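This one's a predicted model, so the numbers in the text were calculated from it and none came from an experiment. Both ligands and their constituent atoms are indexed starting at 1 by order of listing. One is the number of the first residue; the rest follow in order along the sequence.
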Amino acid sequence: MAKAQRPHIAILPSPGMGHLIPLVELAKRLVHQHTFVIPTDGSPSKALKSTLDSLPTFIDSVFLPPVDLSDLPPDSKIETRISLMVSRSLSSLHDAFVSMVAGTKLVGLVVDMFGTDAFDVAYEFNIPSYIYFPSTAMMLLFFLYLQELDRTVSCEYKDMVELVRLPRSVKGIMVNGFQDLESGPKALQAKQSGKPSVYPVGPLINVDSSDKPDPSGCIRWLDIQPVGSVLFVSFGSGDTLSRNQVNELAMGLEMSEQRFLWVIRTPNDTIANATYFNVDTQKDDDPFMFLPKGFVERTKGCGLMVGSWAAQTRVLNHGSTDGFLTHCGWNSVESVVNGIPLIAWALYAEQKMNALLLSEDAKVSLRPKPNQNGLICRDEIAKVVKCLMGSEEGKSVRNRMLELKEAAKRVLCENGSSTIALSEVADSINMHC
Ligand code: UPG
């Protein structure tokens, strides 16, 4: 369909690559024209610009004027900053809507979980709103029930009988999950009158083409490693470890005697998500400075460290990669589609819940144990890495992941449940045309 004829959807990603990337993947799969309307508080990162530069022609993007967050205390939480960036952008979003409705048939607004304030703007223009929830159905269930829990519960949440209260101001919620990975989608799918529909459309992941540049050199390095030999170590788009933890991780990787590719960041002793807004524009110290003395030389040949950012989807799709030590950001669980088993090392947000789901429920990951101070020590790291890459237990985790890979293929094929759910969303949006 020609661009001008497509019904038009406005998409508001809340700040952060972990929210932009899944919304881009959603947009690619809906046959509409899309405009990403992007809140910001300053200059966007290189990773963000390069994602926007590579969008297909039916997806446009526009930055809203930067908002001022200088009144916030320096230690304000990331969730507060993200939410305020959205709410302080609403008048500019209104202006963007005026331009969009003037030139095209605007039929929907899609936001992620931090963008619901924008519903007011959509409501003013009589445009239906949808949420794309880039995390698990389990987390969605928890969010939906949180208000009720807060109001009524004084005991431990785990002792509660589960009841779900769905919000009413939204038409539909898409969640990046599928039944074989977690049972949550089923619990949410039961249709109830007056409640929004929940569509499990996952796993939606970005597929980087192999002709993209490889500035960090990690693909060239993987090309010369033996098939199925490398552990990929990466903590998402913004997570940072403490100095001590970086030291222990380096020593643990060395002691494991396994090949590894590690995306390293400058450590931060106080915040676990220090690079969330500026993943590749860090003005801090060189992250290599914080590695143990002699580590780079000693691991030469079997280990590669790259600063800040790697072509993750290409790494996970590479034949040499055979394990992934991840912070359990839900987009990183994309390794499901590659059949790569995991080491689950959660840091913040809902990542501990994801880690639990991946290890206890889906059984596709191993989980290192922290000591009483919360530090994961070198011996524990070496043990878990060896176990994943070369033991019977690792083999069983790997086999389970291969089963999930097949299940993911099934739900994403032409008549698969996620493809059908996505076309139901498109039908629902098109009813507004
Ligand atoms: N990525 C790269 N290269 C890198 C690092 C990351 O391409 O070097 C990509 C990765 O492929 C993925 C995204 O960036 O698509 C990162 O997303 P994710 O793995 O989910 O991590 P976060 O950016 O930390 O995600 C935030 C939250 C996480 C939550 C997720 C979805 O931290 O807890 O599950 O958003 O809501």
Please identify which atoms of ligand 1 are closer than 4.0 Å to at least one heavy atom of [X].
X: Asp239; answer: 24 (O)
X: Met113; answer: 36 (O)
X: Glu350; answer: 28 (C), 29 (C), 33 (O), 34 (O)
X: Ile21; answer: 9 (C), 13 (C), 14 (O), 15 (O)
X: Ala310; answer: 2 (C), 3 (N), 4 (C), 7 (O), 8 (O)
X: Gly236; answer: 5 (C), 6 (C), 21 (O)
X: Ala349; answer: 33 (O)
X: His19; answer: 35 (O), 36 (O)

- line: Between Leu12 and Leu23, the two heavy atoms sitting closest are O-CD1, 4.2 Å
message: Please determine whether any non-hydrogen atom of Gln351 lies less than 4.0 Å from an atom of ligand 1.
response: yes
query: Can you tell me if Pro134 has a non-hydrogen atom under 4.0 Å from ligand 1?
result: yes
- request: For the pair Thr321 (side chain) and Leu231 (backbone), establish whether a donor and an acceptor sit closer than 3.5 Å, ignoring hydrogens and angles.
  value: no
Polar atom proximity, [X] to ligand 1 (N or O, under 3.5 Å):
X: Ser135; value: no
X: His327; value: yes
X: Tyr348; value: yes

field: Arg265, Gln312, Glu25, Met139: member with heavy atom nearest to atom 10 (C) of ligand 1
entry: Gln312
- request: Closest by any non-hydrogen atom to atom 30 (C) of ligand 1: pick that one out of Leu347, Val306, Asn331.
  value: Asn331
query: side chain to side chain contact (heavy atoms under 4.5 Å, CB included) between Tyr199 and Leu422: does it pass, once the steps are laid out?
result: CA-CA 7 Å; Tyr199 306 92; Leu422 200 55; over 6 Å; no
message: For Phe260 and Phe295, take the angle between the two ring planes, folded into 0 to 90°, and tell me which bin it lands in: parallel under 30, tilted 30 to 60, perpendicular over 60.
response: parallel
- prompt: Cation-pi between Arg6 and Phe58: NZ/CZ under 6.0 Å from ring centre and within 45° of the ring axis?
  reply: yes
